[in-house]
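As structure tokens, the structure follows; a few thoughts come after it.
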Amino acid sequence: MTITVDELKAGHRATWAAGDYAAIAEMIDALPPAHLLRAAGIEAGEDVLDVATGTGNVALQAAGAGARVVGLDLTPELLQTARRRASERGVAVEWVAGDAEALPFADRSFDAVLSVFGVQFAPRHEVTAAELVRVCRPGGRIGLVNWTPAGTIGELFSILGRYLPPAPAFASPPPRWGDTGHVRSLLEQSGERLELTFELGTTPFAFASSEDFVAFFETSYGPMLKARERLTGDGSWDDCRRAIAQMLDRRNEAADGSLLVPCEYLVTIAHRTARPATPAFGPDLRP
């Protein structure tokens with residue numbers, strides 16, 4: 001059976017609406033968003049777009065820094081939580097339900113286009129990258145944080161992929177956005193002049209044990225919850241679950257019997273440089 005792009009995206013919406021993503025988002029609310037805002041140099045008065053904002057981690061911090069912020073996400077249920085959080089913090093953000101592959105904004109609308117653990121889950125990486133560049137102003141920048149393929153979350157997705165049916169041919173694996181070569185290729189295909197810099201960072205996930213990690217993620221994290229539902233039906237979830245726990249134990253850095261795993265991410269900053277002005281009357285032919 002062939003699945004269409006629209007059908008896949010409908011599945012994505014259902015996946016991210018499932019479970020309790022707000023609880024997951026709390027675990028990554030401190031280090032990665034602050035790392036990105038510092039690297040991107042967000043300033044008061046700038047127009048900022050947070051793509052695939054989720055519950056608003058980056059959008060809220062950018063608004064708190066005085067930027068004019070729009071937060072966009074494919075899943076309306078997540079935006080409900082984002083609105084509540086904005087009200088609690090006393091910051092103003094415009095929340096928009098929309099698709100990272102078809103941003104509902106004019107060309108060159110924003111000084112900064114950001115995303116933290118968001119755009120990597122849009123299925124067609126080339127389409128998404130082109131949209132990020134399109135809405136970024138010359139002289140502006142694109143700032144992204146994505147899980148790396150070799151990191152904890154990247155390996156988690158790799159394990160799930162071994163048990164789940166393959167994705168459609170048009171969909172690329174999310175952790176590829178954490179590979180510098182892939183990201184460079186994606187952004188440079190736009191034909192715009194971009195200056196790219198990369199930084200690695202880690203954010204810790206701490207639990208009483210690997211069993212507690214898996215139990216929390218399989219009920220709260222949409223992709224893992226949906227995998228559990230599907231694989232329970234064919235009897236393979238226990239094997240998948242065991243493989244995830246073993247991976248976590250192998251990566252564990254705690255010395256007290258608990259679980260502490262660093263989760264590696266890639267920060268990408270792409271400055272969209274302004275093109276030289278074209279002479280109004282042709283080239284200067286003076287000697």
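Throughout, residue positions are numbered sequentially from 1 according to the sequence presented.
Screening residues 51-72 for salt bridge (Lys or Arg N to Asp or Glu O under 4.0 Å) gives D47-R68 as the qualifying pairs, with residues at least two apart or on separate chains. The side chain to side chain donor-acceptor pair (under 3.5 Å) analysis of residues 149-166, with sequence neighbours excluded, yields the pairs E155-R250, E155-R251.
For the pair Y221 and W16, the minimum side-chain heavy-atom distance is below 4.5 Å. Side-chain contact check for V145 versus L266: every heavy-atom pair is 4.5 Å or farther apart. Residues L132 and L49 have side chains not in contact (no heavy-atom distance under 4.5 Å, counting atoms from C-beta outward). A heavy-atom distance below 4.5 Å is not found between the side chains of V58 and T53. In this structure, the side chains of I244 and L160 come closer than 4.5 Å at one or more pairs of heavy atoms.
Aromatic ring orientation, F207 versus F216: tilted (interplanar angle from 30° to 60°).
Residue R134 qualifies as enclosed at atom CZ: its count of foreign heavy atoms under 6.0 Å is above 12.
Looking only at atom types and distance, the side chain of E218 has a donor-acceptor partner in the side chain of W237 under 3.5 Å away. Looking at D234 and S236, their side chains do bring a donor and an acceptor atom within 3.5 Å of each other. Judged purely by distance below 3.5 Å, without hydrogens or angles, the side chains of T148 and E264 pair a donor atom with an acceptor atom. Counted by atom type alone, D249 and S210 present one or more donor-acceptor pairs between their side chains at under 3.5 Å. In the model, N146 has no side-chain atom that pairs as donor or acceptor with a side-chain atom of R176 under 3.5 Å. Remark: the E199 side chain and the H35 side chain contain an N/O donor-acceptor pair separated by less than 3.5 Å.
The pair R85-E88 does not count as a salt bridge, with every side-chain nitrogen at least 4.0 angstrom from each carboxylate oxygen. Ion pairing between a basic and an acidic side chain is recognised when a charged N comes within 4.0 Å of a carboxylate O; D6 and K9 show no such pairing. Remark: R137 does not engage E46 in a salt bridge, criterion side-chain N to carboxylate O under 4.0 Å.
For F121 and F157, the ring centers are positioned less than 6.0 Å apart.
V51 and L196 fall within a single hydrophobic cluster, where Ile, Leu, Val, Met, Phe, Trp and Tyr side chains are chained together by heavy-atom contacts under 4.5 Å.
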